[in-house]
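A short write-up of the structure that comes next.
We use all heavy atoms of the structure for the numbers below, so side chains are in, but hydrogens, waters and symmetry mates are not.
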Amino acid sequence: KDHLRDGVVVGSPTSAWGSAQHNLRNVEVLRTPGTALPAGSRGVVIANSTDGTCIATIVQSAETSFHTKSGGNQFYSCHGWSSATSINHTTFLDEGGNNDYYGCCADSPSLYGWHIKQWNIRIIGGFSLQPVPASDNLATAIHIDCGGPDFAGVIANHFIQGGASSRWM
């Protein structure tokens, strides 16, 4: 497994059977400053695992900090950000649906704080920090791209700082 590309992978992406009840707690995926990142690098990948938790997990220096490909998971106080030498494009990429994010932080993404591609997502509390406050840096705090006309989910008490208001959602 290429651990430079993917820091932590939960569940087998090729297995016919998924896993369940994973619990990541106080995990840090940190890369050496100045290390070139391979294209598509990810910090934490929930590949084929449901009904699990990810608590107080930190990812620094990955193109995508948290990539969730399955549903029914909960994230608490997770934080992804860029370093001075590598860019975080998307902090939370959700392709699984029915996932919860409580008090999580999307810090300095260049493209999306949250990129939501499925239904029934809950983002409660937490914050999105754009790199340059009060400027249009092209990053979108929460981007919803479910492929349908409606979004079913809840976004509540989420603080967005920086960037142009036209890019908050």
Side-chain angles (χ1 to χ4, degrees), residues 1-11 13 24 27-49 54 56-71 73-97 99-119 121-123 125-147 151 153 155 158-169:
K1 184 75 186 146
D2 183 355
H3 292 287
L4 183 59
R5 183 177 183 276
D6 295 332
V8 174
V9 178
V10 177
L24 294 177
V27 173
E28 293 182 346
V29 179
L30 308 174
R31 292 186 168 85
T32 304
T35 302
L37 296 177
S41 62
R42 301 175 295 182
V44 172
V45 182
I46 309 298
N48 192 5
S49 185
C54 187
T57 296
I58 297 170
V59 175
Q60 179 186 11
S61 302
E63 283 190 11
T64 301
S65 296
F66 297 87
H67 186 179
T68 308
K69 300 177 96 172
S70 56
N73 297 295
Q74 296 182 338
F75 297 81
Y76 298 90
S77 300
C78 294
H79 187 167
W81 78 89
S82 302
S83 72
T85 57
S86 65
I87 300 298
N88 169 280
H89 296 296
T90 300
T91 308
F92 297 94
L93 172 57
D94 193 308
E95 296 181 301
N99 292 306
D100 302 321
Y101 300 88
Y102 298 100
C104 294
C105 178
D107 193 342
S108 307
S110 65
L111 191 58
Y112 304 119
W114 270 264
H115 188 173
I116 307 299
K117 291 189 166 190
Q118 287 294 333
W119 308 96
I121 302 298
R122 287 153 301 278
I123 300 172
F127 49 95
S128 296
L129 300 176
Q130 307 303 341
V132 183
S135 70
D136 190 349
N137 60 17
L138 303 181
T140 301
I142 301 171
H143 180 72
I144 299 168
D145 180 18
C146 294
F151 170 70
I155 300 170
H158 187 76
F159 178 72
I160 300 170
Q161 176 183 348
S165 60
S166 65
R167 297 209 179 263
W168 288 352
M169 278 186 69

- Please report the shortest heavy-atom distance between Gly43 and Ala62, naming the atom on each side. N-CB, 3.6 Å
- Item | Partner set under side chain to side chain donor-acceptor pair (under 3.5 Å) for His79, not counting sequence neighbours | Asp107
- Message: Could you tell me if His115 and Thr90 have a donor-acceptor pair between their side chains, going purely by distance under 3.5 Å?
- Response: no
- Query: Taking side chain as C-beta onward, heavy atoms only, is Thr140 less than 4.5 Å from Leu111?
  - Reply: no
- Can you name the residues that form a side-chain contact (heavy atoms from CB on, under 4.5 Å) with Glu95, not counting sequence neighbours? His67, Lys69, Leu93, Lys117
- With Tyr102 via ring pair (Phe, Tyr, Trp, His ring centres under 6.0 Å) - residues at least two apart: Tyr76
- With a 4.5 Å heavy-atom cut-off, do Ile46 and Phe75 have their side chains touching? yes
- Query: Can Asn88 and Ser65 be said to form a side chain to side chain donor-acceptor pair (under 3.5 Å), step by step?
  - Reply: CA-CA 7 Å; Asn88 169 280; Ser65 296; 2.5 Å; yes
- Task: Would you mind reporting whether Val27 and Ile58 have side-chain heavy atoms less than 4.5 Å apart?
- Result: no
- Item | By ring pair (Phe, Tyr, Trp, His ring centres under 6.0 Å) - contacts of Phe92 (at least two apart) | Phe66, Tyr101, Trp114
- Query: Is any side-chain heavy atom of Arg42 closer than 4.5 Å to a side-chain heavy atom of Arg5?
  - Reply: yes
- Point-to-point distance, once rounded to the nearest 0.5 Å, from CD of Gln74 to SG of Cys54: 11.5 Å
- Item | Val59 and Val44, any side-chain heavy atoms less than 4.5 Å apart | yes
- Do Asp145 and Ile116 touch side chain to side chain, with heavy atoms closer than 4.5 Å? no
- CA sep, side-chain torsions, deciding dist, call: Val8, Val29, side-chain contact (heavy atoms from CB on, under 4.5 Å): CA-CA 8 Å; Val8 174; Val29 179; 3.9 Å; yes
- Query: Short question: side chain of Asn99, backbone of Ile121 - any donor-acceptor pair under 3.5 Å?
  - Reply: no
- Which residues pass the salt bridge (Lys or Arg N to Asp or Glu O under 4.0 Å) test with Asp100, sequence neighbours left out? Arg122
- Can you sort out the partners of Thr64 under side chain to side chain donor-acceptor pair (under 3.5 Å), two or more places apart, ordered by chain and number? none
- Message: Between Cys146 and Gln118, is there a side-chain heavy-atom distance shorter than 4.5 Å?
- Response: no
- Beyond-backbone contact of Ile155 with Ile142, side-chain heavy atoms, under 4.5 angstrom: yes
- Note on the structure: Correct closest heavy-atom pair for Ala56 and Cys78 would be N-SG, 4.4 Å
- Okay, side chain of Asp94, backbone of Gly96: is any donor-acceptor separation there less than 3.5 Å? yes
